[in-house]
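Notes follow once the structure below has been shown.
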Amino acid sequence: MSPLKTLLHDLIGSHGPLDIASYMTLALTHPRHGYYAKGNPFGSIRDFTTAPEISQVFGELIGLCLADFWLRSGRPAPFRLVELGPGRGALMADLLRATKLIAGFHEASSLHLVEINAALRAAQADLLANVASSLNPRWHASLNDVDDGGPLLLVANEFLDVLPIRQFERRGAGLRERRIGLDRNNELAFVLDPRTAVPEEIAFGTLAEGAVVETSPARSALVGDLAARLGSAGGMALLIDYAHEPESTSADAGLAVGDTLQAIYRGERVSALSHPGDADLTARVDFQALRRVADQAGLQTHGPIGQGEFLRNLGIEARRRQLVEASPQRTAEMDRAVARLIDQDRMGRLFQVLALTAAGSPTPEGMTESGSRG
Ligand code: SAH
């Protein structure tokens with residue numbers, strides 16, 4: 001048995017079944033055995049390819065969106081340029097390359113990368129040294145460790161989906177929490193908490209019997225932290241992620257319905273319980289729920305809108321044409337990459353973008369007026 005499985009068995013043996021959030025926290029971030037804490041999660045076998053790795057255009061357009069917001073906010077200096085979970089660093093590298101010619105932007109920025117993985121920190125350092133050697137990035141284990149001082153311009157791509165979730169199932173007159181216990185063969189297995197839970201954020205009245213809803217206290221807490229920072233210092237946070245399908249939202253419950261916990265082990269989809277510490281675990285992001293948390297915290301919210309719409313608004317077509325003119329031999333490759341990012345049946349709608357700003361801030365470029373509130 002792997003050391004992490006032994007630890008999980010011991011924990012369940014002494015405390016009873018774990019909630020899914022505790023399981024995800026241990027499986028992903030246990031300091032020695034967690035998937036994102038040890039080794040290189042993006043090592044020789046890629047578990048997935050993310051948007052910034054599909055095309056440089058993704059990071060470039062996000063860079064222009066942030067820089068445009070900075071210009072329209074009166075070029076504050078200094079400001080904090082922050083990325084949560086930068087992976088191999090492609091997004092930040094492309095963002096910095098694209099904003100080099102925006103006078104004063106790099107000079108005013110202090111660069112902060114929130115990353116727990118040592119190997120990825122090193123990869124990010126290498127990549128960024130080539131694009132913006134003068135910027136001296138600093139690494140932190142959490143957004144809480146980024147010091148105050150100037151507005152925040154923050155981007156997080158595929159970061160929220162690794163933050164832990166809890167699941168609740170409608171049973172009779174209430175909800176029961178889905179937990180992880182041990183079955184007869186002493187294997188990890190999902191079990192329903194025998195007690196009825198009534199988390200106050202879930203109005204479960206019209207949920208069908210057996211329907212599963214997910215909450216993520218960790219994501220809500222992150223939005224709370226962002227609200228505090230944006231509220232006091234200004235700026236913008238751009239959150240991009242794999243979204244819960246809008247069709248599955250129960251208006252009454254106020255939450256998207258469905259079990260979206262997923263595990264990928266060496267490129268293959270596996271059971272969420274089969275490879276703790278060795279599989280990537282994610283759950284889709286309920287952006288409507290997050291937007292409500294942000295609204296309640298007094299932020300201005302923009303979107304969520306589809307990644308395709310966002311990138312088209314920012315001029316992805318024009319940028320694709322420029323690149324193709326510069327290297328015609330790469331036309332087919334470039335067209336394929338852009339289609340993958342924006343097509344409605346690919347990442348264009350599955351991935352969504354939510355922008356958060358303090359009250360009274362400009363509307364971020366790319367987030368259409370119809371999608372903005374507040
Ligand atoms: N944004 C990147 C990679 C997304 S994968 C891209 O688009 O390619 C998630 C990233 O978040 C990885 O870099 C991972 O090491 C990091 N990560 C995961 N959990 C974290 C946590 N709790 N705190 C900080 N970083 C974390």
Side-chain angles (χ1 to χ4, degrees), residues 21-43 45-63 66 81-96 111-128 137-146 154-165 216-222 225-226 237-243 262-264 267 276-285 307 310-311 337 340-341 347 350-353:
S22 304
Y23 174 78
M24 283 181 85
T25 301
L26 288 168
L28 294 177
T29 64
H30 181 280
R32 260 174 306 130
H33 311 304
Y35 176 78
Y36 280 114
K38 66 182 184 187
N40 183 347
F42 295 162
I45 299 151
R46 296 302 323 283
D47 286 346
F48 54 90
T49 307
T50 59
E53 298 181 335
I54 291 172
S55 168
Q56 68 187 74
V57 177
F58 186 78
E60 290 173 352
L61 292 174
I62 286 170
L66 294 185
L81 179 58
V82 181
E83 182 173 2
L84 306 180
R88 295 204 281 206
L91 194 165
M92 187 51 76
D94 294 332
L95 180 164
L96 291 173
L111 180 54
H112 300 266
L113 304 170
V114 174
E115 172 61 66
I116 52 170
N117 184 279
L120 290 177
R121 283 185 178 194
Q124 293 155 17
D126 282 352
L127 200 57
L128 295 179
R138 269 168 282 169
W139 279 267
H140 311 276
S142 148
L143 177 61
N144 293 328
D145 303 331
V146 177
L154 176 143
V155 62
N157 183 60
E158 291 208 43
F159 178 75
L160 293 171
D161 67 347
V162 301
L163 296 183
I165 58 149
S216 177
R219 291 176 193 156
S220 299
L222 173 63
D225 289 350
L226 291 173
L238 210 50
L239 309 176
I240 307 164
D241 233 297
Y242 196 18
Q262 149 171 331
I264 302 284
D278 295 315
D280 192 18
L281 287 176
T282 57
R284 296 199 192 189
V285 175
Q307 173 174 301
F310 176 65
L311 295 176
R340 199 166 156 195
L341 291 176
M347 294 178 85
L350 282 174
F351 278 74
Q352 302 217 342
V353 186

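In each ligand, atom 1 is the first atom listed, and ligand 1 is the first ligand listed.
Close N/O approach between E53 and ligand 1 is not found [any backbone or side-chain N/O within under 3.5 Å]. Geometrically, ligand 1 and E115 share a nitrogen or oxygen pair separated by less than 3.5 Å. The shortest N or O to N or O distance between L84 and ligand 1 is not under 3.5 Å.
No side-chain heavy atom of Y242 sits under 4.5 Å from any side-chain heavy atom of L160. For the pair L239 and V285, the minimum side-chain heavy-atom distance is 4.5 Å or more. P86 is not listed as a side-chain neighbour of M92, based on a closest heavy-atom distance of 4.5 Å or more.
Formation of a donor-acceptor pair under 3.5 Å by the N117 side chain with backbone atoms of K38 is found in this model. A donor-acceptor pair under 3.5 Å is absent between the side-chain atoms of T282 and the main chain of V162, judged by distance alone. Side chain of Q307 to backbone of V353: no donor-acceptor contact under 3.5 angstrom is found.
At a 4.0 Å heavy-atom cut-off, ligand 1 touches P86 through the backbone alone. Contacts of N157 with ligand 1, taken as heavy-atom pairs under 4.0 Å, involve both backbone and side chain.
Within the listing of ligand 1, atoms 2 (C), 3 (C), 13 (O) sit less than 4.0 angstrom from a heavy atom of G87. Residue T50 has at least one heavy-atom neighbour below 4.0 Å for each of these atoms of ligand 1: 6 (C), 7 (O), 8 (O). Near V162, with a cut-off below 4.0 Å to any heavy atom, the atoms of ligand 1 are 18 (C), 19 (N). Listed by atom number, the atoms of ligand 1 under 4.0 Å from P52 heavy atoms are 6 (C), 7 (O), 8 (O).
Looking at V155, I116, D241 and measuring to atom 24 (C) of ligand 1, the nearest heavy atom belongs to I116.
Contact between L91 and ligand 1 is absent, with no heavy atom of the residue lying under 4.0 Å from the ligand.
Each of L163, V155, L222 was scored for a side chain to side chain contact (heavy atoms under 4.5 Å, CB included) with L84, with one residue passing: L222.
Looking at D126 and R88, no side-chain N of the basic residue comes within less than 4.0 Å of a carboxylate O on the acidic one, giving no salt bridge.
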